[in-house]
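Worksheet for the structure shown next.
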Amino acid sequence: MSDIKNKDLRDAGKKRIEWADRDMPVLQEVRERFTKEQPLAGKTVAACLHVTAETANLMRTLKAGGAKVTLCASNPLSTQDDVAAALSEEYGIETFAIKGEDRDTFFKHINAVLDTKPNLTMDDGADLVTTVHTTRTELIAGMVGGTEETATGVIRLRAMAKDGALKFPVVAVNDAKTKNLFDNRYGTGQSTLDGIIRATDMLIAGKTFVVAGYGWCGKGLAMRGKGMGANVIVTEIDAVKALEAAMDGFRVMTMDEAAKVGDLFCTVTGNVNVIGRKHFPTMKDGAVVCNAGHFDVEIDVKALIEMATSKRENIRSFVNEYTVNGKRIFVLADGRLVNLAAAEGHPASVMDMSFATQALACEWMAKNPGITANVYDVSDEIEHMVATTKLASMNITIDTLSDEQKKYLDSWQEGT
Ligand SMILES: NC(=O)c1ccc[n+]([C@@H]2O[C@H](COP(=O)([O-])OP(=O)(O)OC[C@H]3O[C@@H](n4cnc5c(N)ncnc54)[C@H](O)[C@@H]3O)[C@@H](O)[C@H]2O)c1
């Protein structure tokens, strides 16, 4: 039995899911084929993802492919309660997710989906895989494999594989080009600014915007911030990425320096305490601080709470004010993923590619039982299918290699 906020929200959720589906042509095509071919028949899939309209369409696709599917939230703040209601009441997919659920409920929900004894896990941050490997080890024997949606989860899984601790195979969906080049870059870039603007209603133009981390997400965020007129500063720990940011036209400096001049800060590193105790006292009055990285550990909110001489909660939805050294610092969404907490996450059009890749990776895993426990890349065939279907949906046709060009590219004797 699902655990959701309010069943009566089902109609609103259904409308939202259908609206998102219009913009998910690749996933629709996968769903049509899955309906005919039933590649997941007899499989039980436990999914732990942001419970959004786009995720709902992925769950519908897995179910259409013959799987028994259950879903819980990968983040306590990102659940769309109407979508959870529609999934449970309209589409018959057991869902365990309530926006704002506390830590105990969050883990209770993770265990509820694991109680279905899944063969396949689908994670966004490796919570299911971690739980199976720590407190639910009795499930390992029945596991065929899993898929992982985000960079932070993939880092954990690779660390587990390196230590020989990973007991079943997992596909790193995050590392697919059809995922991170688009979802991380354009999705996070747009939706993070959307979350910041919805939470604060601030004008981005003319602000000094500090982006911590110049990976795929950071690149998108810096690019979109610049496009809206911000004066963007990038902080990095990787020399090559820092150089790339500098040559892309951004100022690059340490967080110690950036903390003094930023009006708006956003962390997207997958790391811990990137903005910490030493930075808050040096910030300007009115600085706005938020995070779009996976876990709520990138900003040391605990330290800020300890240091603050006063605190005002919820001065707007998702905005808390802390006073340090007589200056106000505003933290958005408690330092959790601001694009999912204060906005609606990535637009459907970009999740189309990520989630088509997820569905196809899940099919690949179901068709390859018994492979060695390791972290696997998404195959070139899947990447090709997703990219070509997306292009076709955008009415874009590209050139194909002529025989002469193929021969030229295959040969080392020609053209010298
Ligand atoms: N908000 C979302 O919807 C969303 C979407 C996709 C990914 N993510 C998350 O965002 C984070 C970043 O993802 P990505 O794909 O850009 O990863 P990535 O690995 O491509 O980039 C992370 C960057 O942060 C840098 N970094 C690490 N520690 C740092 C520090 N202390 N200071 C400055 N820079 C530092 C790394 O050098 C790297 O360049 C991850 O936690 C990922 O799970 C969030």
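Indexing begins at 1, ligand by ligand and atom by atom, following the structure's order. In this text the structure is predicted, and so the values were computed from the model without any measurement.
For atom 15 (O) of ligand 1, the nearest non-hydrogen atom from the set Asn339, Asp124, Ile155, Asn184 comes from Asn184. With atom 4 (C) of ligand 1 as the reference point, the heavy atom nearest to it among Val154, Thr188, Thr152 is part of Thr188.
Per-residue contacts place Asp238 under 4.0 angstrom from the following atoms of ligand 1 (heavy atoms of the residue considered): 37 (O). Near Thr235, the atoms of ligand 1 lying under 4.0 angstrom from a non-hydrogen atom of the residue are 33 (C), 34 (N). Atom numbering of ligand 1 starts at 1 in the shown order; those under 4.0 Å from a heavy atom of Lys241 are 38 (C), 39 (O).
Of the protein's heavy atoms, Glu236 OE1, 2.8 Å lies nearest to atom 37 (O) of ligand 1. Summary of contacts: the protein heavy atom closest to atom 18 (P) of ligand 1 is Gly215 CA, 3.9 Å. The protein non-hydrogen atom at the shortest distance from atom 29 (C) of ligand 1 is Ile237 CG1, 3.4 Å. With respect to atom 1 (N) of ligand 1, the closest heavy atom belonging to the protein is Ala292 O, 2.8 Å. Among protein heavy atoms, the minimum distance from atom 10 (O) of ligand 1 is reached at Gly293 CA, 3.5 Å. What sits closest to atom 22 (C) of ligand 1 on the protein, heavy atoms only, is Thr269 O, 3.6 Å. Among protein heavy atoms, atom 6 (C) of ligand 1 sits closest to Cys217 SG, 3.6 Å. Nearest protein heavy-atom neighbour of atom 42 (C) of ligand 1: Thr150 OG1, 3.4 Å.
Within the 3.5 Å criterion, the main-chain N or O of Ala348 finds no donor-acceptor partner in the side chain of Asp352. Here the side chain of Thr188 pairs no donor or acceptor atom with the backbone of Cys217 at under 3.5 angstrom. Looking at Lys15, its side chain never comes within 3.5 Å of a backbone N or O of Asp11 through a donor-acceptor pair. Distance alone, capped at 3.5 Å, places no donor-acceptor pair between the Thr105 side chain and the Glu101 backbone.
Between Leu221 atom CG and Thr192 atom OG1 the span is 5.5 Å, to the nearest 0.5 Å. Ser2 contributes atom OG, which lies 9.5 Å from atom NE2 of His109 (distance to the nearest 0.5 angstrom).
Contacts with ligand 1 closer than 4.0 Å are made by side-chain heavy atoms of Asn271 only, the backbone lying farther away. Contact annotation for His346 and ligand 1: only side-chain heavy atoms (C-beta onward) come within less than 4.0 Å of the ligand. Residue contacts with ligand 1 for Leu337 involve side-chain atoms from C-beta outward but no N, CA, C or O (heavy atoms, distance under 4.0 Å).
No more than 12 heavy-atom neighbours from other residues, nucleotides or ligands sit within 6.0 angstrom of CD on Glu29. Remark: Lys99 NZ is packed, more than 12 non-hydrogen atoms of other residues, nucleotides or ligands lying under 6.0 Å away.
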Run the side-chain donor-acceptor check on residues 43-59: report pairs under 3.5 Å with partners two or more places apart or on a different chain.
{"residue": "His50", "atom": "ND1", "partner": "Ser74", "partner atom": "OG", "Å": "3.4"}
{"residue": "His50", "atom": "ND1", "partner": "Ser78", "partner atom": "OG", "Å": "2.8"}
{"residue": "Thr52", "atom": "OG1", "partner": "Glu54", "partner atom": "OE1", "Å": "3.1"}
{"residue": "Thr52", "atom": "OG1", "partner": "Thr55", "partner atom": "N", "Å": "3.4"}
{"residue": "Thr52", "atom": "OG1", "partner": "Thr55", "partner atom": "OG1", "Å": "3.3"}
{"residue": "Thr55", "atom": "OG1", "partner": "His50", "partner atom": "O", "Å": "2.6"}
{"residue": "Asn57", "atom": "OD1", "partner": "Arg60", "partner atom": "NH1", "Å": "2.7"}
{"residue": "Asn57", "atom": "ND2", "partner": "Ile17", "partner atom": "O", "Å": "3.1"}
{"residue": "Asn57", "atom": "ND2", "partner": "Ala53", "partner atom": "O", "Å": "3.4"}

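By the 3.5 Å distance cut-off applied to N or O atoms, His294 is counted among the residues near ligand 1. Not one N or O of Asn174 is nearer than 3.5 Å to an N or O of ligand 1, by distance alone.
Side-chain N/O atoms of Asp183 and Ser354 include a donor and acceptor closer than 3.5 Å.
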Tell me, with the steps shown, if Phe168 and His133 meet ring pair (Phe, Tyr, Trp, His ring centres under 6.0 Å). CA-CA 10 Å; Phe168 54 85; His133 281 75; 5.1 Å; yes
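With salt bridges taken as basic N to acidic carboxylate O contacts below 4.0 Å, one links Glu344 and Arg198.
Taking a distance limit of 4.0 Å, we find that atom 24 (O) of ligand 1 is approached by some protein heavy atom.
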